[in-house]
Amino acid sequence: MSTKHLLKSHFDRAAGYTRNSSNPLFALVRPPWLFMAPIVALLLFMFVGPMLAIVVFSLQSGNTIDPNPLGWTLAHYAEIITGMISGTGVYGQVLANTALVSAATVLATLVVSYPAAYALARKIKRYKVVFLLLLIIPLFTSVNVRVFGWALFLVENGVLHSLFNLVGVGEYPSLLYNRYTVLFGTTYVYLPFMLFPIYLSLLTIDDVTFEAAQDLGAGPLTIFRKIVFPLSMPGVVIGSLFVFVLSLGADVEAQILGGGSVFTMASNINYSFGYSQNWPLGSAQAVGLLLITIVAGVLILRSLDLREIASRGESR
Amino acid sequence: MSANTPRLSAPRLRAGAWYGYVLLVALFLMTPLFTLVIASFYDGRFLSIVDYAFTLHWYEVAFASTSIQSAFLNTARIAVPVTILSTVIGTGGAVAYTRHEFPFREQFKLLALLPIFFPLLLLGLGMSLWANVTNLGYGIVPSIIGELVWISPIVMFVVSITALGVDPDIEEAARDLGADTVTLYKDVVLPLIADGIVSGAIFAFVLAWNNYYIVSYLSGAQSTITTWIHAKMTQGFTPTVPAVSSLIFYSSVLLVVVVALFEYNKSGTGEHE
């Protein structure tokens, strides 16, 4: 009891003292700085540091860092860029594959999740918690566990095969290990990242808006085109950016479901780090991914209004 | 409500179609997980639903295996500290961001939430290089610090949403009534955002429990459940893999359902359908 009071009085004295003093060191033990300090320290050490390490490593000639910046080299960037321009190396192919997989994933997740998000936000009233749970649970299960589940489902003599056998279709081309399976995998894994932003943006539309539009004689198509779609745009944009960036880094999907049939940026980066032990080359490729991620991340966070999400949760 | 006139059948059909579609999407998302659970009880090396026979054998094998036991133990050794630390760190960030005005507040939000939007592959790679440069090394402790980078921002996000729903005037009222700084946070702010903190903590645990990319780059020689599963998938499959995968799935479901019921009860008390 007494120690608690003692601590309290110390703390208050410190707080009172700092309120009247301009010593910045004392100000640091006062909220909000006290509350910010742990997360800022953590991220500076283990987030900003590692990202800088990728950039610095991309300029090295070996797997150790040369402290003298005069010895740094742009050779890896040159190798990648000339490889892409001449079309001889794998880089052009890899970049095209990756961009194609990511863009197709965005499109596929958008097409599948938009009607579902709309139904959840506006049509489904009963058992809504159950539906939300079924959609959320996979997000909280390890990516490689889920991808492995699909492999078991699709593999020869697996679930799908025996289902086909039951209905009498004996022969069909193997569904594992081709580029469409990779796309299927990324669509599967990143679907919730498209669904939930759209769902949240559709929740904001007031029911009165619909009634007013109907009273003014708008048909379902007009309502969708003029009201629903424009108002869901923030969700569509955030979801698309999120899915695009995350699927750029998709590695397990390509490894397990693609079985090496499609080389993506992520698998190529991994290869440079793992098998060929060429950290600078891997880093140079990762820098491209890093830049795209930072731009997309900042764009998402700029357009994300936490206050608005909080008020939506309350009005529900 | 109970009137079942044919006049209602067309809209009812349309409503049914919406439910049906969402159910299909939910089924799509759950299919691999159901497959794993079915496979884990299957009596044979490769799964076939035609000559299916139920067995608990693979669970017994999994529980008896020392390599699986140590993988579970390592996963717990990482997940428990990550849960506690990320809850403290994330709540701190959320309280600072939502309850205070300060210079560079938006820049703080950008930095603090940015890791959520990073592909885990990129985070893992960078951390692996960094662990090498700084002599942090590889193992349980580096894995804990690494997972904190991704999970603390998620906790901060969850707690912030709750904290933004709390009226800022309450704090001022407490101060006017004579609450000092410690009392203000202990008796007023923290209880008001407790629901968000509990949800954030459970999410933190489930995500730490299931993390693959970051631990695979930082755990070094220590294997966790997800790295164990990955190794078995890519080299030398055994039928215990579905059983082990199902075990971590069951625990995740349990915890996510707890959060959902918790949130549902909270919102259910005040509202009407």
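Proteins get letters first, then strands, A, B, ... in listed order; numbering begins at 1 in each.
The salt bridge (Lys or Arg N to Asp or Glu O under 4.0 Å) check on B/Glu101 picks up nothing, with sequence neighbours excluded. Every ring-ring contact (aromatic ring centres under 6.0 Å, His included) that B/Phe28 has, sequence neighbours left out, goes to A/Trp150, A/Phe184, A/Tyr188. In this structure A/Ser142 satisfies the side chain to side chain donor-acceptor pair (under 3.5 Å) test together with A/Asn144, sequence neighbours excluded.
You'll find the side chain of B/Tyr21 reaches within 4.5 Å of the side chain of A/Val112, heavy atoms only. Under the 4.5 Å side-chain criterion, counting only non-hydrogen atoms from C-beta, A/Trp279 is in contact with B/Asn132.
At a heavy-atom separation below 4.5 angstrom, chain A is approached by B/Phe108, B/Lys109, B/Leu110, B/Leu111, B/Ala112, B/Leu113, B/Leu114, B/Pro115, B/Ile116 within residues 107-116 of chain B.
The residue among B/Ser246, B/Ser86, B/Pro242, B/Ser128 with the most heavy atom pairs within less than 4.5 Å of chain A is B/Pro242. For the options B/Phe203, B/Phe249, B/Trp150, heavy-atom pairs under 4.5 Å to chain A are most numerous at B/Phe203.
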Q: Kindly indicate, with the supporting measurements, whether the criterion ring-ring contact (aromatic ring centres under 6.0 Å, His included) is fulfilled by B/Phe102 and A/Trp33.
A: CA-CA 9 Å; B/Phe102 52 89; A/Trp33 309 110; 5.5 Å; yes
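Rounding to the nearest 0.5 angstrom, the gap separating the CG atom in B/Leu218 from the CE atom in A/Met46 is 5.0 Å. Here the NZ-OH distance, from A/Lys123 to B/Tyr19, works out to 11.0 Å after rounding to the nearest 0.5 Å.
Heavy atoms closer than 4.5 Å to chain A are found in the side chain of B/Leu33, but not in its backbone.
For an aromatic pair to be called close, the ring centres must be under 6.0 Å apart, and A/Phe35 with B/Tyr97 fails this.
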